[in-house]
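Shown next, in structure tokens, is the structure this report addresses.
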Amino acid sequence: MDQGGAPPVFSAVAETDGDHLMVVVTGEVDMATADTMLQTALREPATRMTLDLRAVTFFDSAAIHAVVRLAGHYPQALRVLPSRQVTRVLEIAGLSGQPWLTPG
């Protein structure tokens, strides 16, 4: 169906630069897409990772779980760039003080 030029509901794109992995996520991260975001982030070997969520419009508990799993996989080496919606959800979940969360 033609969405009239509307952006996709979800996408996760990974780019590597040496030992740094950048995953840019757009759209809605929910039960149907959180695992795809996680698998995209784990697909390439890296020692440092940035998860760019600035274009995320919806973020649910499955998305939170995926980010917490990434924090465990990249201890001291994960940086999350949140959108306003993601920041609010992480605040409600009590995760706003995590060292991996970069305030917007």
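FYI, the numbering just counts along the sequence from 1.
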*Below 4.5 Å, heavy atoms only, C-beta onward: do L70 and W100 meet side chain to side chain?*
no
*Examine distances only and state if a side-chain atom of T33 and a backbone atom of E28 form a donor-acceptor pair shorter than 3.5 Å.*
yes
*Using the side chain to side chain contact (heavy atoms under 4.5 Å, CB included) rule, take Q98 and V67 through it: C-alpha gap first, then chi angles, then the decisive distance, then the call.*
CA-CA 11 Å; Q98 293 299 308; V67 170; over 6 Å; no
*Does D52 use its side chain to pair, donor to acceptor, with the backbone of M22 at less than 3.5 Å?*
no
*asked:* How long is the straight-line distance from CG of L81 back to CG of L51, given to the nearest 0.5 Å?
replied: 8.0 Å
*Counting distance only, does the side-chain N/O of D35 pair as donor-acceptor with the main-chain N or O of L38 below 3.5 Å?*
no
*Can you check whether V13 reaches T40 side chain to side chain, under 4.5 Å on heavy atoms?*
no
*Hey, is CD on E15 packed in by over 12 heavy atoms from elsewhere, all under 6.0 Å?*
no
*Verify same cluster id: V24, V86 (apolar side-chain graph, 4.5 Å)*: no
_hydrophobic_cluster_shared for Y74 and V68, side chain cutoff 4.5 Å_ = yes
*asked:* Please give me the minimum heavy-atom distance between S83 and R54, naming the atom from each residue.
replied: CB-O, 3.4 Å
*Enter the distance from L21:CG to T47:OG1 here, rounded to the nearest 0.5 Å.*
10.0 Å
*About how many Å separate CG of D30 and CE of M37, when rounded to the nearest 0.5 Å?*
10.5 Å
_Reported CZ-to-OG1 distance for the pair R43 and T36, which is rounded to 0.5 angstrom_ = 8.5 Å
*asked:* So V56 and Q85, do their side chains get closer than 4.5 Å, heavy atoms only?
replied: no
*Are L101 and L95 close enough that some pair of their side-chain heavy atoms sits under 4.5 Å apart?*
no
_Contact summary for A66 and A34, nearest pair of heavy atoms_ = CB-O, 3.9 Å
_Hydrophobic cluster membership, V23 vs L42, 4.5 Å side-chain cutoff_ = yes
_Can you tell me if H20 has over 12 outside heavy atoms packed within less than 6.0 Å of its NE2?_
yes
